[in-house]
Q: 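Just passing along the structure, written as structure tokens.
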Amino acid sequence: MQNQFSRTQMLLGAEAMDTLKNKTVAIFGIGGVGGYVLEALARAGIGHFDLIDDDVVCLTNINRQILATIKNIGQAKVEAGAERIGMINPHAEVRTHKTFFLPETCDGFDFTSYDYCIDAVDTVTAKLLIIEKAKEAGVPVISCMGCGNRIDPQALRITDISRTEKDPLARVMRRELKKRGIRKCTVLFSTETALSPIEDDAISCRSHCVCPPNSPRSCNDRRSIPASSPFVPPAAGLLIASKVTTDLIGFDHRAREEADLKKKLKNRELIRAGRALRQKALNGPDAYRGDQDE
């Protein structure tokens, strides 16, 4: 029976779709990157989500965050995320946590109940804690490095943190993870050198903060406010979602390509054999016997 996931099933198969339906993914931070991770995973058929974010939608989120619209400014992002999933897959189970993941809140999360964790938060403290907890629970985790102040989505890469370059956040994370005995962690990063934001007092969040009244933080709480583009965070989210999905079903792209090639070659051989038989039939039985005599 046709459903909203039929076209994906044509690529991955029915068994893979059943697998995804039974998986639980935790997304820490559902802003520019995490929102697009959520969007793609919901459309891929993931059946269970934990959404963790303490923030609300702000006017300045709209340029890059799929959950942000003029209409829902001030709404909790986890609520907006749950609504978005419901519009895509009403059968998905969604648990929302309007909180910031910190040492004082982390005990409320059972990492062993997750099949995959996505770190798309902004602070080093929270990122390190998410990775630590996931590693302790033996759960796959992917951590997003810096996407602010960048404009080229083609510079994004997924690799081990030991292979990152040109990313100050990744450098700090690598050093701090080593202190914790963690030397390997899958991350998304950009090879693009971060650009410097253009100073413009007319649109400065420092002097013209537009954070909703119920926002947990204001612009004055931040040491720096990065610039952002509509291109890099969404692309990062989609790349992460692709990695998570293929990992969860054990998808082997090379093996699939080889199988497809063998199938095509076999079909070509069958077509050629069919053509040869048809040609012999057209030439008649005498011509066929003549071939045998030769």
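In what follows, residues are counted from 1 in the order of the sequence shown.
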Q: Ignoring hydrogens, what is the shortest heavy-atom contact between Asp50 and Tyr114? Give both atom names and the distance.
A: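 Scanning both residues completely, I find the closest heavy atoms to be OD2-OH, 2.7 Å.
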
Q: What are the two closest non-hydrogen atoms of Ile27 and Gly34, and how far apart are they?
A: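 That would be CG2-O, 4.0 Å.
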
Q: What do the steps show when you test Thr159 against Phe189 for side chain to side chain contact (heavy atoms under 4.5 Å, CB included), and what is the final call?
A: CA-CA 8 Å; Thr159 187; Phe189 83 106; 3.5 Å; yes

Q: State the CD1-CZ distance between Ile30 and Arg84, to the nearest 0.5 angstrom.
A: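 Ile30 atom CD1 to Arg84 atom CZ measures 12.0 Å (nearest 0.5 Å).
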
Q: The criterion is side chain to side chain contact (heavy atoms under 4.5 Å, CB included); which residues satisfy it with Phe5, sequence neighbours excluded?
A: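 Counting only residues at least two positions away or on another chain, Phe5 forms a side chain to side chain contact (heavy atoms under 4.5 Å, CB included) with Asn3, Met17, Asn89.
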
Q: If I compare all heavy atoms of Cys147 with all of Val232, which pair ends up nearest, and what's the gap?
A: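 Heavy atoms only, the tightest pair is O-CG1, 3.8 Å.
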
Q: Per the side-chain hydrogen bond (donor to acceptor under 3.5 Å, both in side chains) rule, what does the pair list look like for residues 8-28, sequence neighbours excluded?
A: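 Listed once each, the pairs would be none.
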
Q: In Å, rounded to the nearest 0.5 Å, how long is the span from CE of Met145 to CG of Leu169?
A: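 Met145 atom CE to Leu169 atom CG measures 5.0 Å (nearest 0.5 Å).
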
Q: Check whether any side-chain N or O of Ser215 sits under 3.5 Å from a backbone N or O of Cys211 as a donor-acceptor pair, and report yes or no.
A: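 Checked: no pair found.
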
Q: Assess whether atom CD1 of Ile198 is packed by more than 12 heavy atoms of other residues, nucleotides or ligands within 6.0 Å.
A: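 No - once you tally the heavy atoms of other residues, nucleotides and ligands closer than 6.0 Å, there are 12 at most.
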
Q: To the nearest 0.5 angstrom, please state how far the CG atom of Leu129 sits from the CZ atom of Arg180.
A: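 With rounding to 0.5 Å, CG (Leu129) is 9.0 Å from CZ (Arg180).
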
Q: Counting distance only, does the side-chain N/O of Gln4 pair as donor-acceptor with the main-chain N or O of Ile88 below 3.5 Å?
A: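 Looks like yes, one N/O pair under 3.5 Å.
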
Q: Side-chain heavy atoms nearer than 4.5 Å, only ILVMFWY residues, links allowed to pass through others: does that put Val57 and Val33 together?
A: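 No: no chain of side-chain contacts under 4.5 Å links Val57 to Val33.
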
Q: Hey, are the side chains of Pro212 and Cys58 touching, using non-hydrogen atoms and a 4.5 Å cut-off?
A: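 The answer is yes; the side chains approach within 4.5 Å.
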
Q: Over all heavy atoms of both residues, which pair between Cys185 and Val141 is shortest? Give the atoms and the distance, please.
A: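 Closest pair (atom of Cys185, atom of Val141, distance): SG-CG1, 4.4 Å.
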
Q: Look up atom CD in Glu257 and atom CG in Asp252, then write down how far apart they are to the nearest 0.5 Å.
A: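 Spacing of CD (Glu257) from CG (Asp252) equals 9.5 Å.
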
Q: Working to the nearest 0.5 angstrom, can you tell me the gap between Leu41 CG and Arg43 CZ?
A: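 Here the interatomic distance stands at 12.0 Å.
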
Q: Holding to side chain to side chain contact (heavy atoms under 4.5 Å, CB included), I want the full list of residues that pass it with Lys98, two or more places apart in sequence or in another chain.
A: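 With neighbours one apart ignored, the set is Val56, Ala76, Val78.
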
Q: Salt bridge between Asp167 and Arg171, side-chain N to carboxylate O under 4.0 Å?
A: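 No, Asp167 and Arg171 are not salt-bridged.
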
Q: Let me confirm one number: the CG-CZ distance from Leu51 to Arg95, rounded to the nearest 0.5 Å.
A: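 Answer for the CG-CZ pair, Leu51 versus Arg95, is 10.0 Å.
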
Q: Start with the C-alpha distance between Lys264 and Asp260, add both sets of side-chain angles, then the distance that settles salt bridge (Lys or Arg N to Asp or Glu O under 4.0 Å), and finish with yes or no.
A: CA-CA 6 Å; Lys264 289 175 183 177; Asp260 283 352; 5.9 Å; no

Q: Cluster question for you: counting only ILVMFWY and a side-chain heavy-atom cut-off of under 4.5 Å, with indirect links fine, are Ile240 and Ile130 together?
A: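 Unlinked, Ile240 and Ile130 end up in two clusters.
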
Q: Report yes if the side chains of Ser228 and Asn63 come closer than 4.5 Å at any heavy-atom pair, otherwise no.
A: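 Counting from C-beta outward, Ser228 and Asn63 do come under 4.5 Å.
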
Q: Please name all residues satisfying side chain to side chain contact (heavy atoms under 4.5 Å, CB included) with Thr99, sequence neighbours left out, ordered by chain then number.
A: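 Thr99 satisfies side chain to side chain contact (heavy atoms under 4.5 Å, CB included) with Ile52, His97, Thr105, Phe109 once adjacent residues are dropped.
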
Q: Taking the basic N atoms (NZ, or NE/NH1/NH2) and the acidic carboxylate oxygens, is any pair closer than 4.0 Å for Glu132 and Lys135?
A: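 Result for this pair is no, no salt bridge flagged.
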
Q: Is any side-chain heavy atom of Val25 less than 4.5 Å from a side-chain heavy atom of Leu248?
A: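 Val25 vs Leu248: side chains touch.
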
Q: Using the side chain to side chain contact (heavy atoms under 4.5 Å, CB included) rule, take Thr186 and Asp160 through it: C-alpha gap first, then chi angles, then the decisive distance, then the call.
A: CA-CA 5 Å; Thr186 302; Asp160 185 75; 5.5 Å; no

Q: Quick check: do Pro233 and Tyr36 have side-chain heavy atoms less than 4.5 Å from each other?
A: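 Answer no - side chains too far apart.
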
Q: Which atoms form the tightest heavy-atom contact between Ala82 and Thr96, and what is the distance?
A: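 Heavy-atom minimum between the residues: CB-CG2, 4.0 Å.
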
Q: Evaluate the criterion side chain to side chain contact (heavy atoms under 4.5 Å, CB included) for residue pair Ile142 and Tyr116; output intermediate values, then yes/no.
A: CA-CA 8 Å; Ile142 183 167; Tyr116 219 114; 4.1 Å; yes

Q: Evaluate side chain to side chain contact (heavy atoms under 4.5 Å, CB included) for Arg174 paired with Thr164, printing each intermediate quantity in order.
A: CA-CA 9 Å; Arg174 186 165 56 243; Thr164 57; 2.6 Å; yes

Q: When you group the ILVMFWY residues by side-chain heavy-atom contacts below 4.5 Å and let the links chain together, are Ile66 and Val94 in the same group?
A: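 Yes; Ile66 is reachable from Val94 via cluster members.
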
Q: Please say which of Asp53, Asp55, Asp54 ends up in a salt bridge (Lys or Arg N to Asp or Glu O under 4.0 Å) with Lys77.
A: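 That would be Asp55; it is the only one of Asp53, Asp55, Asp54 passing the salt bridge (Lys or Arg N to Asp or Glu O under 4.0 Å) with Lys77.
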
Q: For Gln2, is there any backbone N or O sitting under 3.5 Å from a side-chain donor or acceptor partner on Ser6?
A: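 Side chain of Ser6 to backbone of Gln2, a donor-acceptor pair under 3.5 Å: no, none is there.
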
Q: Hey, is the main chain of Ser242 close enough, under 3.5 Å, to the side chain of Thr245 for a donor-acceptor pair?
A: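 No; zero donor-acceptor contacts below 3.5 Å.
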
Q: Donor-acceptor pairs are to be reported for all side-chain atoms of residues 149-156 against protein atoms at under 3.5 Å, with residues two or more places apart or in another chain.
A:
unit_1: Asn149; atom_1: OD1; unit_2: Ala227; atom_2: N; d: 2.8
unit_1: Arg150; atom_1: NE; unit_2: Glu192; atom_2: O; d: 3.3
unit_1: Arg150; atom_1: NH1; unit_2: Gly146; atom_2: O; d: 3.3
unit_1: Arg150; atom_1: NH1; unit_2: Gly148; atom_2: O; d: 3.0
unit_1: Asp152; atom_1: OD1; unit_2: Gln154; atom_2: N; d: 3.0

Q: Would you confirm whether Lys133, through its side chain, and Leu128, through its main-chain N or O, come within 3.5 Å as a donor-acceptor pair?
A: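 Here the side-chain-to-backbone pair does not exist.
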
Q: If you apply the rule salt bridge (Lys or Arg N to Asp or Glu O under 4.0 Å), what do you find for Lys266 with Glu269, and how did you get there?
A: CA-CA 5 Å; Lys266 184 177 181 179; Glu269 290 174 1; over 6 Å; no

Q: Using links of under 4.5 Å between side-chain heavy atoms of ILVMFWY residues, direct or through other members, which residues join Leu102 in one cluster?
A: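 Joined to Leu102, directly or through intermediates: Phe100.
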
Q: In the structure I gave you, are the side-chain heavy atoms of Glu83 and Gln75 within less than 4.5 Å of one another anywhere?
A: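 In short, these two side chains touch, coming nearer than 4.5 Å.
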
Q: State, to 0.1 Å, how close Leu38 and Gly81 come at their nearest heavy-atom pair, and which atoms those are.
A: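 Heavy atoms only, the tightest pair is CD2-CA, 3.7 Å.
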
Q: Please answer: with hydrophobic residues joined when any side-chain heavy atoms are less than 4.5 Å apart, are Leu67 and Leu59 in the same cluster?
A: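 In one cluster: no.
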
Q: Please check if the number of heavy atoms outside Glu199 that lie under 6.0 Å from its CD is greater than 12.
A: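 Check fails, neighbour count at 12 or below.
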
Q: Quick check: do Leu12 and Ile249 have side-chain heavy atoms less than 4.5 Å from each other?
A: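 Answer yes - side chains close enough.
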
Q: Taking the side chain as every heavy atom from C-beta outward, state whether Gln65 and Ile62 have any pair of such atoms under 4.5 Å apart.
A: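 No - every pair of side-chain heavy atoms lies 4.5 Å or more apart.
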
Q: Before we go on, tell me: are the rings of Phe49 and Phe28 under 6.0 Å apart, centre to centre?
A: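 Between Phe28 and Phe49, which both carry aromatic rings, the centre distance is not below 6.0 Å.
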
Q: Would you say Phe231 ends up clustered with Leu238 if hydrophobic residues are merged whenever their side chains have heavy atoms under 4.5 Å apart, either directly or through other cluster members?
A: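 Shared cluster, no.
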
